[in-house]
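Whatever order the structure lists them in is the order used to number ligands and atoms, beginning at 1. Remember, predicted model here, so these are calculated numbers, not experimental data.
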Amino acid sequence: MFEHLNAVPPDPILGLISAYNEDPNPSKIDLGIGVYRDDSGTTPILRSVREAEKILLDTQTTKTYLGPAGVAGFNSAMTDLLFGPASDVISQKRVCTIQTPGGTAGLSVAAHLIQTARPEAGVWASDPTWANHLAIFPSAGLEMHSYPYFDSEKKSLLFAEMMQALEQRGPGDIVLFHACCHNPCGVSPNPEQWEAVSSLAAERGFTPMVDIAYMGLERGVEEDSLAVRLFTDKCPEVIVASSCSKNFAMYRERVGALSIVCASERKANDVATVINSLTRKNYSMPPSHGPAVIDIILHSEELTGLWLQEVNGMRDRINNLRKTLSDKITASGISRDFSFLERQTGMFSFLGLSVEQVQRLKTEYSIYTVNSARVNVASFNEGNMDYFVEALAAVL
Ligand code: LMR
C-alpha cells in the first residue's frame, strides 16, 4: 500500500518546533510559530480561561455528543463578536456559524463548501499569505491565485496594485483577506482602504472570504472585525473563518468557527445542512472543551471584561516589543532601516533577510525563523533581544 510513498519535507512553520526543542544552546530563541509568549518566555493560560474552566468543571454533567455544529452558545457568541450583536445579518438570520477544530478546519470546511457549490471557483490570496492557505484550498480541488499585496522594498501595502488586480475579479471568484495582523507580513489596509476594498467587492460581485485569526491583537476586538462588518454590510455572501487560538490563547484546544453569510435565511439554512454533511464525513463532530470555556467567558460580563483586558495586554506588549526592538537595532549601529517593525502590527514581520542569513542565525546563533525571515515578534523579551540584535548585526 505505502511502498510508493516518499517522505515529504516538514511544514515550513511546524518543522522548526522540533529543531528548536532539540537545540541544547541555552541562548536559543524560537521566532518561528505564531504563539504569544510573556516576558518569561512562556505562553500563559489566560486568567479568564482558567476561571471559566473551573466553572465548566463544576457544572458539566455529561460528555455526550453535541452534534456537528458544536457548542451552540459558542457559535452565537462568536457570531455576535464578529458581526456585532445588532447587525442586520443576525436579525435577518442570514448567517450560519459552526464551531470548527481551529481556524484551519474552518478554512478547510469552507474550501470543501466552495468546491461543492462551484468546483471551478478560484481562490485569490494576498502575495504573500499564510503558507497553509496555499495547501488548504488546492487540497480541496480549488485553483489558487494571488493578488499583489506587500511591497518588500518599502515594507508597506501595495494598495493601488491590489485594487487594480481585484478589479479583474467577479462573480464566482473567491478573494481571501486577512482581517487584521496579516500573517506573514504584518501590514493591513487602514479603515479607509477597507471601505474601498469592500465597495469593490460589492461592485464586482466577487465573494470575500475573511480569515480572522488575530482579532484584538491589531487595534482592538471590536475594531479588528471592521473588514468582516464592511463586507457583510455591502455583499450578499461572505465567508468568515475565525480562530480563538491566539486571542484566547487556546492553541492546543483547537477552537475556531466558520460563518457563512448568505443572501437569505432560507439559503443560510440550506448551506448549514451542506456544511453538516461535509464535517460529518470528515471529523464528524468538533471537540467541546475550548468552545465551552469561551461560551462561559463570552456569556459572563465579568469574564468578558477580564478577557478583554488580557487581549489588550497581549497587544500592548507586542507593540512595545516592536518599538523596543526597532530602537535597539538603531542603537546597535545597524545601518539598515528596521523602523517598519514599529509601524507593522500583530505577531509577524519579515526581517528581509536572505535564506543564507536565516540559516546563519539558526546554525551559528540558535535563532529560529521561517526561511522567509518571518519573525514572531511576540517571542522577544528583555532577556533575549540584545542577543538577537548582536546576531542580526553579525549576519547582516
Ligand atoms: C503561524 O503562522 O505560525 C500560526 O498561524 C500557527 C500555524 O499553525 O502556522
Side-chain angles (χ1 to χ4, degrees), residues 8-21 28-38 41-44 100-111 125-139 144 146 149-150 176-188 209-218 224 240-258 283 286-287 290 311 314-315 318 321-322 341 344-351 353 358 361-362 367-380:
V8 295
D11 177 272
I13 297 171
L14 302 187
L16 290 174
I17 298 177
S18 47
Y20 173 83
N21 286 342
K28 65 185 177 180
I29 313 176
D30 178 5
L31 301 176
I33 193 154
V35 295
Y36 178 83
R37 296 188 173 96
D38 64 15
T42 51
T43 303
T100 55
T104 303
L107 290 164
S108 172
V109 174
S126 60
D127 176 20
T129 195
W130 182 42
N132 214 14
H133 284 153
L134 304 175
I136 290 170
F137 296 100
S139 81
M144 193 93 204
S146 64
Y149 189 84
F150 181 62
L176 176 62
F177 299 96
H178 300 231
C180 54
C181 303
H182 189 281
N183 179 4
C185 72
V187 170
S188 301
M209 172 158 50
V210 185
D211 185 351
I212 177 159
Y214 297 85
M215 189 184 199
L217 295 179
E218 181 163 317
D224 290 351
V240 182
S242 50
S243 168
C244 301
S245 295
K246 329 282 169 163
N247 54 4
F248 284 89
M250 293 290 265
Y251 307 92
R252 65 174 65 166
E253 301 295 354
R254 311 308 299 133
V255 198
L258 174 64
Y283 52 81
V311 184
M314 288 192 271
R315 184 187 63 244
I318 293 172
L321 288 169
R322 285 182 168 280
L341 286 168
Q344 296 175 355
T345 58
M347 289 191 184
F348 307 114
S349 282
F350 281 132
L351 287 183
L353 304 180
V358 166
L361 280 179
K362 180 155 71 176
I367 295 174
Y368 291 78
T369 82
V370 195
N371 271 348
S372 60
R374 183 198 81 166
V375 287
N376 173 15
V377 180
S379 285
F380 287 111

Engineer: Pull out every atom of ligand 1 sitting under 4.0 Å from any heavy atom of Arg374, numbered as shown with elements.
Structural biologist: 1 (C), 2 (O), 3 (O)

Engineer: Could you tell me if the ring centre of His182 sits under 6.0 Å from that of Tyr149?
Structural biologist: yes

Engineer: Side chain or backbone, does Gly34 bring an N or O within less than 3.5 Å of an N or O on ligand 1?
Structural biologist: yes

Engineer: Do Ser126 side-chain atoms and Pro128 backbone N/O form a donor-acceptor pair below 3.5 Å?
Structural biologist: yes

Engineer: Identify whether NZ of Lys or CZ of Arg in Lys246 sits under 6.0 Å from the centre of the six-membered ring of Tyr36 and within 45° of that ring's axis.
Structural biologist: no

Engineer: Can you list the ligand 1 atoms lying under 4.0 Å from a non-hydrogen atom of Ile33?
Structural biologist: 3 (O), 6 (C)

Engineer: Would you mind telling me if ligand 1 is within reach of the side chain of Asn183, the backbone, both or neither, using heavy atoms under 4.0 Å?
Structural biologist: side chain

Engineer: Record the part of Ile13 in heavy-atom contact with ligand 1 below 4.0 Å; permitted values are side chain, backbone, both and neither.
Structural biologist: side chain

Engineer: Could you establish whether Lys246 and ligand 1 come within less than 4.0 Å of each other, counting only heavy atoms on the residue side?
Structural biologist: yes

Engineer: If we set the cut-off at 4.0 Å for heavy atoms, which region of Tyr214 has an atom near ligand 1: side chain, backbone, both, or neither?
Structural biologist: side chain

Engineer: Examine the side chains of Arg322 and Thr345 and answer whether a donor and an acceptor come within less than 3.5 Å of each other.
Structural biologist: no

Engineer: Check the angle between the aromatic planes of His133 and Trp130 and answer parallel, tilted or perpendicular using the 30° and 60° thresholds.
Structural biologist: perpendicular

Engineer: Please confirm whether Arg374 makes a cation-pi placement over Phe350, using NZ or CZ under 6.0 Å from the six-membered ring centre and within 45° of the ring normal.
Structural biologist: no

Engineer: Could you tell me the residue and atom name of the protein heavy atom closest to atom 8 (O) of ligand 1, and the distance to it rounded to 0.1 Å?
Structural biologist: Trp130 CZ2, 3.6 Å

